[in-house]
Amino acid sequence: MSGADKPVTPSSTEDTPAAPGWVEDSLDHILASLPFSAEKLAPLRASYLECLAGCGRAADLDSAHDACRQGFLRALKDSLGLDAEAARTLEQQLEQMELSISSDV
């Protein structure tokens, strides 16, 4: 197989969007308080993290984070039936985490 025949895979030096490394652990800690299994939360968690990662180059980082958070909360309500009180608490926790992300940038 020549070099031209090999599949292209990204290297660790390629510029790909990513949230700061501590965000996943912080999010997992926040989500642990919810009455849902990690398995049920996994696809929604992954989408939220992907959205946050894509915000890194946004002109208005706070607005971009807000859109990610609102989408995540809507998905939790629609898919898993997250109640209003838990949603308010979760929203506050996510806002704090997002503020920390903004201060890291």
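Looking at every heavy atom in both residues, Glu98 comes nearest to Asp66 through OE1-N, 4.4 Å. The heavy-atom pair separating Asp83 from Ala86 by the smallest distance is OD1-N, 2.8 Å. The nearest pair of heavy atoms linking Phe36 to Leu80 is CE2-O, 3.3 Å.
Atom CZ of Arg69 is separated from atom CD of Gln92 by 10.5 Å, given to the nearest 0.5 angstrom. Annotation: the span from His65 atom NE2 to Met97 atom CE amounts to 8.0 Å, rounded to 0.5 Å. Taken to the nearest 0.5 Å, the CG atom of Asp62 stands 10.0 Å off from the CD atom of Glu95. A distance of 11.0 Å separates CG in Leu94 from CG in Leu99, rounded to the nearest 0.5 Å. The distance from atom CG of Leu90 to atom CG of Leu82, rounded to the nearest 0.5 Å, is 6.5 Å. Between the CZ atom of Phe72 and the CG atom of Leu41 there is a distance of 6.5 Å, given to the nearest 0.5 Å.
Under a 3.5 Å cut-off, the side chain of Ser33 and the backbone N or O of Ile30 do form a donor-acceptor pair. Between the side chain of Ser103 and the backbone N or O of Ser100 there is at least one donor-acceptor pair closer than 3.5 Å. Under a 3.5 Å cut-off, the side chain of Ser47 and the backbone N or O of Pro43 do form a donor-acceptor pair.
Taking 4.0 Å as the cut-off between side-chain N and carboxylate O, Asp28 and Arg45 count as a salt-bridged pair.
Contact annotation: the side chain of Trp22 approaches that of Ile101 to within less than 4.5 Å [non-hydrogen atoms, C-beta and beyond].
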Apply the test side chain to side chain contact (heavy atoms under 4.5 Å, CB included) to residues His29 and Asp25: give CA-CA distance (whole Å), side-chain angles for both, the deciding distance (0.1 Å), then the verdict.
CA-CA 6 Å; His29 179 72; Asp25 288 338; over 6 Å; no
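When the SG-SG distance for Cys68 and Cys55 is compared with the 2.5 Å cut-off, it comes out at or above that value.
The number of heavy-atom neighbours closer than 6.0 Å to CD of Glu50, taken from other residues, nucleotides and ligands shown, is 12 or below.
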